[in-house]
2 protein chains.
Amino acid sequence: MSNTLRALGKLREMIFAGDLPAGSNHLETELAMQLNMSRTPVREALLMLEGQGLLKLQPRKGVRILPISPSDMADIYDVLTELESLSAERAATAGHPPSALAPLEAAIDDMDKAIAAGDLDAWSEADDRFHKELVRLGGNGRVQAIVDMMSDQVRRARAITLALRPLPTKSNEDHRKVFQAIRDGHGDVAGQTHRAHRRHAKEIIVDVLEKHRLRFI
Amino acid sequence: MSNTLRALGKLREMIFAGDLPAGSNHLETELAMQLNMSRTPVREALLMLEGQGLLKLQPRKGVRILPISPSDMADIYDVLTELESLSAERAATAGHPPSALAPLEAAIDDMDKAIAAGDLDAWSEADDRFHKELVRLGGNGRVQAIVDMMSDQVRRARAITLALRPLPTKSNEDHRKVFQAIRDGHGDVAGQTHRAHRRHAKEIIVDVLEKHRLRFI
DNA sequence: CCATACATTAATGCATGCATTGTAAAATAC
DNA sequence: GTATTTTACAATGCATGCATTAATGTATGG
């Protein structure tokens, strides 16, 4: 495995773990020291991460880890809403055999269990799985790539927002409705239900972020 | 201006101009020679272009310019459809002053003129302008970035498809309907009209690509 | 004659060093 | 004391060179 890829992974971890907090600046040389390699592979990794919107290379000022404002989060949620809803619609009309939908249902079941147990981490993991599986079933590779990228950004915010908002006990009813629509081949229903669900979730998240003045995440 | 950015621009031009045809492979060293700079900035530009989905770095085989299959084009159109329709909806409810909508209407007028004159290039340019302006009015920066990226890929295909399909004389009626809905603040109408318009356009393009067996673009 | 193993070649991954340039600090003038 | 100019420093952009490694061709054995 190449050093560039190692640097890419490590830097992502460091960003998500908060070792490189949003808004902070870091010099290429320092990062290379920390990662124990030369500047070249680090620089290459940084260019990729810049393309993914996680940071910005600012000559002579170091790389700036980009903060996510409530308005950014609203933009991201809007993109996710549309692309996931499209995926739900396509998943419903793609003619997937019932067995292909099992992972989706499993994710919903796991969310129910996590809610019953009050386990935020488990819920969060199962929710990720649900959305990822939904998009996979949609069958559009570009949608998957975009959603993956945006989900990364949301994940940075969720660690904070999860603790600040009520456990989403009701949201799983929506997930189940979407699942049933997909299973029954009702594309329009699947898409519209998911869109409504997501637009509602967006309101809640953005509200939380604004109330707590969480400008930096 | 940095060599990396120059390389980025030049390589893009070369791809769109067909100097680097889809499916072809090129060595870093050769590209560096052609661009009259060292491998480092070329390599950095190539990494960015890889992130944008225009090519793939294949160790020991050179960079491969990615072809776009009809199925790829279908995927891209689906993404554009959803994100542009969202933009139309948001543009309608954003409370833009009428003056802000002038460029949009101008683009539509120019398309009418181009159709009347049978000028394919002028129509293509005005159509680009319409879509770009629509997304700008939608006010979501991430949507703009994604649409820009995907539009690049469509542009590679259009040079071919434009000559193969009938002049889209009817499509401008749809554009005008979308414009009116935005002007009148009817978000739902704007979004749904644009979505229907785009889904129709997708069918035509994908049909053309498949009929002509245009696997590589 | 075919398959497998080895050798050769060349492209890439990466380290390193240097020139450029932006920034900040210091000094000078007002 | 403040503002402006100059100077010095240091981070980056990029060229270069080397080691690694994969692909191709060759040779040998079955």
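Here is how names work: the chains are called A, B, and so on, in the same order as the sequence lines, proteins then strands, and each is numbered from 1.
Contacts with DNA chain D (heavy atom under 4.0 Å) in residues 3-14 of chain B: B/N3, B/T4, listed by number. Sorted by residue number, the members of residues 32-49 of chain B with any non-hydrogen atom under 4.0 Å from DNA chain D read B/M37, B/S38, B/R39, B/T40, B/P41.
Side-chain contact between B/L11 and B/L46 is present, with at least one heavy-atom pair separated by less than 4.5 Å.
For residues 94-103 of chain A, no residue pair satisfies the salt bridge (charged side-chain N to carboxylate O under 4.0 Å, His left out) rule, not counting sequence neighbours. Sorted by first and then second residue, the salt bridge (charged side-chain N to carboxylate O under 4.0 Å, His left out) pairs involving residues 8-22 of chain A (not counting sequence neighbours) are A/R12-A/D152. For residues 83-95 of chain A, the side-chain hydrogen bond (donor to acceptor under 3.5 Å, both in side chains) pairs, not counting sequence neighbours, are A/E84-A/H131, A/E84-A/H194, A/E84-A/R198, A/E89-B/R199, A/R90-B/D78.
Partners of B/F130 according to the ring pair (Phe, Tyr, Trp, His ring centres under 6.0 Å) rule, which considers only residues two or more places apart in sequence or in another chain, are B/H175. Annotation: salt bridge (charged side-chain N to carboxylate O under 4.0 Å, His left out) contacts of A/D72 (sequence neighbours excluded): B/R142. Among residues two or more places apart in sequence or in another chain, the salt bridge (charged side-chain N to carboxylate O under 4.0 Å, His left out) test is passed with B/E28 by B/R39, B/R43. For A/E50, there are no salt bridge (charged side-chain N to carboxylate O under 4.0 Å, His left out) partners at least two apart in sequence or on another chain. Remark: A/K113 pairs with A/D110 by the side-chain contact (heavy atoms from CB on, under 4.5 Å) rule, at least two apart or across chains. Checked against salt bridge (charged side-chain N to carboxylate O under 4.0 Å, His left out), B/E125 has the following partners two or more places apart in sequence or in another chain: B/R129.
For the pair A/Q58 CD and D/dG13 C1', the computed distance is 16 Å after rounding to whole Å.
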Under 3.5 Å, which N/O atoms of the protein pair with N/O atoms of nucleotides 19-24 of chain C?
{"unit_1": "C/dT21", "atom_1": "O2", "unit_2": "A/R60", "atom_2": "NH1", "d": "3.1"}

